[in-house]
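To keep things clear, I will list the structure first and then write my remarks on it.
Note that these values count all heavy atoms, side chains included, but never hydrogens, waters or copies made by symmetry. Lettering follows sequence order; numbering is per chain, from 1.
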Protein chains: 2
Amino acid sequence: MSDREGLGEFEHIIILALLRLGDDAYGMRVRQEIEQRAGRETSIGAVYSTLDRLETKGLVESFTGEATAERGGRAKRIFKATSKGIHALERSQQALMNMMEGLTWKA
Amino acid sequence: MSDREGLGEFEHIIILALLRLGDDAYGMRVRQEIEQRAGRETSIGAVYSTLDRLETKGLVESFTGEATAERGGRAKRIFKATSKGIHALERSQQALMNMMEGLTWKA
DNA sequence: ATATTTCTTCTACATTGTAGAAATGTCGGA
DNA sequence: TCCGACATTTCTACAATGTAGAAGAAATAT
C-alpha cells in the first residue's frame with residue numbers, strides 16, 4: 001500500500017474543514033468555513049475541484065445527503081475524510097511540526 | 001503593497017528550513033535539512049526551483065557566500081527569508097492554526 | 001409552469017511541485 | 001599545468017495542485 005501522499009496547502013486546509021464540519025461538510029459550507037476561519041477568499045470551483053481530486057486519491061469520500069432543502073436548493077453532497085485522508089493530514093502536520101520544532105524568529 | 005501571498009506546502013517548508021539554517025542555508029544543505037527533519041525525500045532541482053521562485057516573489061533573497069570550499073566544490077549561494085517572506089510564513093501558519101483551533105479527531 | 005433559491009459540474013488556465021541531467025567552479029595531486 | 005574527483009548550482013520539461021466563473025440541476029413556493 002503505497003501511502004506516500006503529500007497534501008498541498010489547500011488540500012490540507014480543506015481536510016481540516018471537513019473534520020470540523022462533520023455531517024455538515026458540503027461544498028458551499030466548506031467554502032464558508034474556510035473563508036471565516038482561515039480568512040482566505042476562495043471560489044466555489046476551487047473547493048469542488050480540490051474535493052474531487054482528494055476523492056480520486058481516496059483521501060475523502062462523498063455521498064448524497066438527504067434532501068434537507070428547506071426552501072429551494074439541490075441535494076447536498078456530503079464529504080468526509082477517509083482514514084487514509086486523516087493519515088495524510090497527520091503526516092503533513094507532523095512534517096510541519098518537525099520543521100518548526102524549537103524554532104523562533106524575529107518578525 | 002499588495003501583500004496577499006499564499007505559500008504552497010513546499011514553499012512553507014523551505015522557508016522554515018531557511019530560518020533554522022541561518023547562514024548555512026544553501027541549496028544542498030536545505031535539501032538535507034528537509035529530508036532529515038520533515039522526513040521527506042526531495043530532489044535538489046525541486047529545492048532550487050522553489051527557492052528561485054520565492055526569490056522572484058521577493059520572499060527570499062540570496063547572495064554568494066565566501067569560497068568556504070575546503071576541498072573542492074563550487075561557491076555557495078546562501079538564501080535568507082526576507083521580512084516579506086516571514087510575514088507570508090506567519091500568515092500561512094496562522095491560517096492553519098485557525099483551522100485547527102479546538103479540533104480533535106480520531107485516527 | 002416558472003421564477004427563485006441553493007447547490008454542484010464543467011472547462012480552462014495559472015501556479016507550484018518534482019526530477020534529473022548538464023554545467024560550473026574549486027581543490028589536490030600527477 | 002592539466003586532470004580527476006567533488007560540491008554545488010543551473011537548466012529544461014513535465015506533473016500535480018490551485019483558482020475562477022459560467023453553466024447546469026434539483027427543489028420549493030406561488
All N/O contacts under 3.5 Å from nucleotides 23-25 of chain D to the protein, with atom names and distances to one decimal?
{"residue": "D/dG24", "atom": "N2", "partner": "A/Arg74", "partner atom": "NH1", "Å": "2.6"}
{"residue": "D/dA25", "atom": "O4'", "partner": "A/Arg74", "partner atom": "NH1", "Å": "3.2"}

Hey, what are the protein-to-nucleotides 1-4 of chain C N/O distances that come in under 3.5 Å?
none

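Between B/Leu51 atom CG and C/dT18 atom C1' the separation is 14 Å, expressed in whole Å. Between the C1' atom of D/dA27 and the CZ atom of A/Arg77 lies a distance of 19 Å, rounded to the nearest Å.
B/Leu96 has its side chain within reach of A/Leu16: a pair of non-hydrogen atoms, C-beta onward, lies under 4.5 Å apart. No side-chain heavy atom of B/Val30 sits less than 4.5 Å from a side-chain heavy atom of B/Phe79. The closest side-chain heavy-atom distance from B/Thr104 to A/Leu19 is not below 4.5 Å. Under the 4.5 Å side-chain criterion, counting only non-hydrogen atoms from C-beta, A/Met97 is in contact with A/Gln94. Side-chain contact between B/Trp105 and A/Glu90 is present, with at least one heavy-atom pair separated by less than 4.5 Å.
Listed by residue number, the members of residues 19-30 of chain A with any heavy atom below 4.0 angstrom from DNA chain C are A/Tyr26, A/Gly27, A/Met28.
Checking A/Ile14, A/Thr50, A/Leu54 one by one against A/Val60, the side chain to side chain contact (heavy atoms under 4.5 Å, CB included) holds for a single residue, A/Leu54.
Considering only residues two or more places apart in sequence or on other chains, A/Arg29 meets the side-chain contact (heavy atoms from CB on, under 4.5 Å) condition with A/Leu21, A/Asp24, A/Tyr26, A/Gln32, A/Glu33. Checked against salt bridge (charged side-chain N to carboxylate O under 4.0 Å, His left out), B/Glu101 has the following partners two or more places apart in sequence or in another chain: A/Arg37. In this structure, the salt bridge (charged side-chain N to carboxylate O under 4.0 Å, His left out) partners of B/Glu35, at least two apart in sequence or on a different chain, are B/Arg31. A search for side-chain contact (heavy atoms from CB on, under 4.5 Å) contacts involving B/Thr82 returns B/Glu61, B/Lys84, not counting sequence neighbours. With sequence neighbours excluded, the residues satisfying side chain to side chain donor-acceptor pair (under 3.5 Å) with B/Arg77 are B/Asp52, B/Glu55, B/Ser62.
A side chain to side chain donor-acceptor pair (under 3.5 Å) check over residues 9-18 of chain A, counting only residues at least two apart or in different chains, returns the pairs A/Glu9-A/Arg40, A/Glu11-A/Lys57, A/His12-A/Gln93.
Taking all atoms of both residues into account, the shortest heavy-atom contact from A/Leu7 to A/Ser92 is CB-OG, 3.5 Å.
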note = Scoring nucleotides 11-20 of chain D by protein non-hydrogen atoms under 4.0 Å (B base, S sugar-phosphate only, - none) yields ------BBBB
